[in-house]
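For reference, the structure is listed below as C-alpha cells.
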Amino acid sequence: NEVSPTKQARGDSGKEPKLHRRWASSPLTRQNKQLNFRLQQSQITLFTKCAAMTPFSLSKVIKEEGGHSVSTKKKKTKEEIEAARALKVKKKEEEEKQRWRWWEEEKYEDGVKWKFLEHKGPYFPPGYQPLPDDVKFYYNGKPVKLSLPAEEVALFFAQMVDHEYTTKEVFRNNFFKDWRKEMTLEERQLIMDLNKCDFGELHAMHIKKVEARKNLSKEEKLVNKEANQKIVDEYGYCVLDHHRERIGNFKIEPPGLFRGRGDHPKQGMLKKRIQPEDVIINCSKGSRIPEPPAGHRWKEVRHDSTVTWLASWTENVQGSCKYVMLNANSKLKGEKDWEKYEVARKLKTCVDAIRAQYQEDLKSKQMGTRQRAVALYFIDKLALRAGNEKEEGETADTVGCCSLRVEHITLHDTLDGQKCVVEFDFLGKDCIRYYNKVPVTKRVFKNLKLFMENKQEGDDLFDRLNTQTLNKHLSSLMPGLTAKVFRTYNASITLQQQLKELGNMKENVAEKLLSYNRANRAVAILCNHQRAPPKTFEQSMANLQAKIDSRKEQLDLAKKELKQAKKEAKGSSDNKLLIVVEKKKKAVQRCEEQLLKMEVQATDREENKQIALSTSKLNYLDPRISVAWCKNMEVPLDKIYNKTLRDKFAWAIDMTEHDFVF
DNA sequence: TTGATGGACTCAGAAAGGTGCAG
DNA sequence: TCTGCACCTTTCTGAGTCCATCA
C-alpha cells in the first residue's frame with residue numbers, strides 16, 4: 001500500500017496524452033477534479049474571495065510566444081527597431097554588470113550577516129485627514145460629529161462595510177470594543193450599539209475616492225507614479241557591504257482593523273498607528289544614522305550585525321515583532337534560500353536511511369518513539385507542516401502534524417476498495433482546509449488506532465510528541481534537518497521526477513510549458529497550496545470557449561477554401577493560382593496553431609482553478625531544477641520565471657548547467 | 001534537563017496595481 | 001486610436017517554523 005509522495009501528488013500515471021480532449025481524463029486532471037470535489041464538498045470558507053487573481057499561467061506564455069501583436073504606433077523604420085533592440089540588450093548587459101555576484105564571494109563567519117549597513121529608516125504613512133464637513137456619521141438616525149481619533153477608526157470600519165468581515169459577530173464586537181476606547185467620554189455615553197451606527201456617507205466617500213483614483217488622467221497618474229518612485233528611491237534601498245540593495249517592505253504598516261484569517265478571535269481589533277518612538281533602528285556603527293521624522297525620536301538605535309532586519313516594532317494586536325527586511329533578490333535572502341535547497345539536497349542522500357529508521361520505530365516499545373515515527377511518516381509522505389503548539393484563544397484553531405487532534409482523522413479499515421485508509425480533515429496554515437484520504441501501511445494504521453484509544457475528540461493524537469522533540473531527533477539524524485526540510489525536499493524531488501516523466505523534446509514550447517505547469521501543479525497539490533477560484537473564472541472560461549468555437553469555424557472555412565483553391569489550381573500552370581493555394585495552406589496552418597494554443601490554455605486554466613502555483617515556485621522548488629529543464633528543453637527561461645523571479649534566483653540562473661540534478 | 005517565551009526568520013493568500021490586448 | 005477588461009505582477013501583512021535564552 002506504500003505510495004511515494006510523488007505518486008500521491010500526481011496519481012500513478014505514465015505520460016500525459018497530448019490532445020485537449022484526452023487531457024480531460026488524464027490522471028492529473030482526475031486528481032485536480034478530486035481536489036475540486038473535495039473542496040466543494042467541504043464547504044471550505046476561504047477567508048475572502050479574491051478579485052481576479054490567476055497564477056502565472058500559460059495564457060501569458062502563449063501571448064508572449066505568439067509575439068505577432070500588431071503595433072498600434074506608427075510603423076518604425078528598420079533602423080529604429082534595431083536601435084531599440086540594441087538599447088534593450090545594452091540595458092540588460094548593464095544590469096547584469098551591476099549585479100552583485102555574492103555567490104562567488106566568501107561567506108562571513110558564523111552568525112555575522114553584514115559588515116556595513118546604512119539606510120534611511122522606514123517610511124511612515126501619512127497622518128489622518130479629517131472628514132470634510134458634508135460627510136457625516138449618524139447614530140440612531142442623527143448626525144454626530146466625532147472626535148478625530150474616533151472618526152479615524154470609524155472610517156476604518158466604513159471602508160470595509162461591503163466586506164464579509166463586517167458581518168461577523170467577532171469582528172464587530174472586537175471593533176466596537178476598540179473603537180469605544182478611542183472615543184471621548186461623551187461619545188462613549190452616546191454610542192452604545194454598533195447596529196445603530198450609520199457609516200453610509202463615510203463609505204460612499206471612500207468609494208468615491210477609489211473611483212476618482214481610478215479615473216485620473218494619464219498625466220495625473222504619471223505624476224503620482226513619479227511621486228511614489230521618489231519615495232522608493234529615497235527609502236526603498238539600503239547600502240549593505242558597499243552594495244545597493246532593495247528593501248522588501250520599507251513602509252510602516254498603516255493603522256487599520258486587524259484582518260486575521262478564518263475564525264480569528266482578534267479579528268476587527270484596532271491596529272494602532274506606529275510612531276517613530278515605537279521603532280528600533282538597526283544599522284552599522286559607522287553609518288549615517290537615519291533621521292526620525294521631525295519632532296520625533298526613535299525608540300532605540302542598535303548596531304547588531306547578527307540579524308538581517310533594518311527596523312522593527314511591536315504590533316499591538318498580537319504583541320508580535322514586525323521587521324523591515326531586504327528584498328528577495330538581496331544577498332541576505334538569496335544566500336539563505338540557496339542554503340535551504342542545499343540542506344534539502346543533503347536529505348536526498350540520507351532519506352532512505354531515515355525512512356528505514358522510522359519504519360523500524362513504528363515497532364518500538366516506547367509510545368513516544370512510535371508516535372514520532374507515525375508523525376514523521378505523515379510529514380514525509382503527505383508534506384504536512386510540523387505543527388507547533390499554539391496559545392488557545394489567541395489565534396484561529398489551526399493545526400499541523402504534531403498538533404493533530406483525534407477529531408482530525410477518521411480511520412477506515414476499508415474505503416473505496418482500499419485497505420487501511422486514514423481520512424484527514426483539518427484546518428492548516430491560513431485556515432486552509434486539508435482534506436485527504438490516504439491508504440497507509442498496516443503498522444501505521446494499527447498505531448493510529450492505539451494512539452486514539454480512550455481519547456476524546458479534542459485530545460492530542462500525538463500526546464507524547466511536540467515539534468521540539470521531533471526536530472531534535474531529526475537534527476541528530478542529519479545536521480540542519482527539521483520537519484520543514486521534508487516539504488522542500490519532497491516538493492523539489494517531485495518537480496524533478498515529474499519534469500522527467502512529462503517532458504517530450506518533440507513538443508512545441510506551449511506544450512512543454514503545459515508539462516512544466518503540470519509538474520508544478522503536482523507539487524502545489526502535494527503541499528496543499530490553494531486559492532479561491534477567481535470571481536470571473538466561469539465567465540472567462542466561457543469567453544475562451546466561445547473563442548475556441550469561433551476559431552474552429554474559421555478553421556473549417558479555411559479548409560474549405562484551401563480545397564477549392566487546390567481544385568482550381570489542379571492541372572493549371574498559372575502561377576497566381578499556385579500562390580493562392582500556398583496562401584490558403586498558410587491560413588489553415590495558422591488557424592490550427594491558434595486553436596491548439598487556445599485549447600492548451602483552456603486545459604491549463606481549468607486545471608489551475610483552485611490551485612496556487614506561485615507559492616511552491618517561490619518557496620519550495622529548487623530553481624536550479626527549472627533552469628536546467630529550460631536549458632535541456634530549449635525553453636526560454638522567461639517563459640517560466642518573470643523578472644522578479646529571475647532576480648530572486650539570479651544565483652541559480654548563473655551557476656546552473658543543463659546537467660544539474662537536485 | 002525541561003518547558004516556556006519571544007525573537008528572527010520563512011511562507012502564505014488576498015488585494016492592489018499595472019499592462020497589454022481585443023473590440 | 002481609444003477604452004474597458006482580463007490577466008499578470010507586486011505589495012501587503014498575517015501565520016507559520018525554528019532556535020536561543022532563561023528559569
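Every chain is numbered from 1 and lettered A, B, ... according to where its sequence line falls, protein lines coming before strand lines. No experiment lies behind these values; they were computed from the predicted model shown. What's counted below: heavy atoms across the whole structure, side chains too, no hydrogens, waters or symmetry copies.
- Backbone-only engagement by A:Gln318 is indicated by non-hydrogen atom pairs under 4.0 Å involving sugar-phosphate atoms exclusively.
- Residue A:Glu315 is the one, among A:Glu315 and A:Cys401, whose nearest nucleotide of DNA chain C lies closer to the 5' end (criterion: closest heavy atom).
- As judged by a 4.0 angstrom heavy-atom cut-off over every strand, A:Phe258 is placed among residues touching the sugar-phosphate backbone only.
- Within the 4.0 Å cut-off from OP1 or OP2 of B:dC9, at least one side-chain nitrogen or oxygen of A:Lys113 is found.
- Regarding contacts with the backbone of B:dA12, a side-chain N or O of A:Arg487 is found under 4.0 angstrom from either OP1 or OP2.
- Among the protein residues, A:Gly387 comes within range of the sugar-phosphate backbone only, with heavy atoms under 4.0 Å from sugar or phosphate atoms but none that close to a base.
- Regarding contacts with the backbone of B:dA12, every side-chain N or O of A:Thr615 stays at 4.0 angstrom or more from both OP1 and OP2.
- For A:Arg345 and A:Glu342, the salt-bridge test passes: some basic side-chain N is under 4.0 Å from an acidic carboxylate O.
- Rounded to whole angstrom, the span from the CG atom of A:Asn388 across to the P atom of B:dC9 amounts to 18 Å.
- Here B:dA15 is the nucleotide among B:dT19, B:dA15, B:dG13 with the atom lying nearest to any side-chain atom of A:His163.
- Taking 4.0 angstrom as the limit, A:His264 places none of its side-chain polar atoms (N or O) nearer than this to OP1 or OP2 of C:dG14.
- Among the atoms of the strands shown, none is found under 4.0 Å from any heavy atom of A:Gly319.
- Taking every side-chain heavy atom of A:Lys340 into account, B:dT10 is the closest of B:dT10, C:dT13, C:dT17.
- Residue A:Ala483 is classed as a sugar-phosphate contact, given heavy-atom separations below 4.0 Å to backbone atoms only.
- The distance between atom CG of A:Leu326 and atom C1' of B:dC9, rounded to the nearest whole Å, is 13 Å.
- Heavy atoms of A:Ser312 sit nowhere under 4.0 angstrom from any nucleic acid atom.
- Within 4.0 Å of A:Thr308, counting heavy atoms only, lie sugar-phosphate atoms of the nucleic acid but no base atom.
- Ion pairing of A:Asp304 with A:Arg302 is absent here, as no side-chain N (NZ or NE/NH1/NH2) approaches a carboxylate O to less than 4.0 Å.
- In this model, the phosphate group of B:dG7 is not approached by any side-chain N or O of A:Ser320 to a distance below 4.0 Å at OP1 or OP2.
- For A:Lys336 and B:dC9, a side-chain-to-base donor-acceptor distance below 3.5 Å is absent, hydrogens and geometry of angles not being considered.
- Look at A:Glu220 and A:Lys225 and you find no salt bridge, because none of the NZ, NE, NH1 or NH2 atoms lies under 4.0 Å from a carboxylate O.
- Listed pair A:Asn619 / B:dT10 fails the phosphate criterion, with no side-chain N or O lying under 4.0 Å from OP1 or OP2.
- Rounded to a whole Å, the OH atom of A:Tyr620 is 12 Å from the P atom of C:dG16.
- Salt-bridge annotation for A:Lys643 and A:Asp647: present, with a side-chain N of the basic residue lying under 4.0 Å from a carboxylate O of the acidic one.
- Distance, A:Ile247 CD1 to B:dC9 P: 15 Å, rounded to whole Å.
- For C:dG14, the OP1/OP2 oxygens have no side-chain nitrogen or oxygen of A:Thr395 closer than 4.0 Å.
- Counting any heavy atom pair closer than 4.0 Å across all strands shown, A:Lys266 reaches no nucleic acid atom.
- The partner of C:dT1 is absent, by the rule that a Watson-Crick or G-U pair needs both atom distances under 3.5 Å.
- Centroid-to-centroid, the aromatic rings of A:Phe649 and A:Tyr641 come within less than 6.0 Å.
- The CE atom of A:Met325 sits 9 Å away from the C1' atom of B:dT10 (whole-angstrom rounding).
- For the residue pair A:Glu226 and A:Asn228, no side-chain donor N or O sits within less than 3.5 Å of a side-chain acceptor on the partner.
- If you check every strand for non-hydrogen atoms under 4.0 Å, A:Lys643 touches nothing.
- Note on A:Lys484: a side-chain N or O is less than 4.0 Å away from OP1 or OP2 of B:dC11.
- Using a 4.0 Å cut-off between charged nitrogen and carboxylate oxygen, A:Lys266 and A:Glu394 count as a salt-bridge pair.
- Protein atom CG of A:Asn249 is 11 Å distant from nucleotide atom P of C:dT11, rounded to whole Å.
- Mapping A:Arg246 and A:Lys271 onto DNA chain C via the closest heavy atom, the residue that lands nearer the 5' end is A:Arg246.
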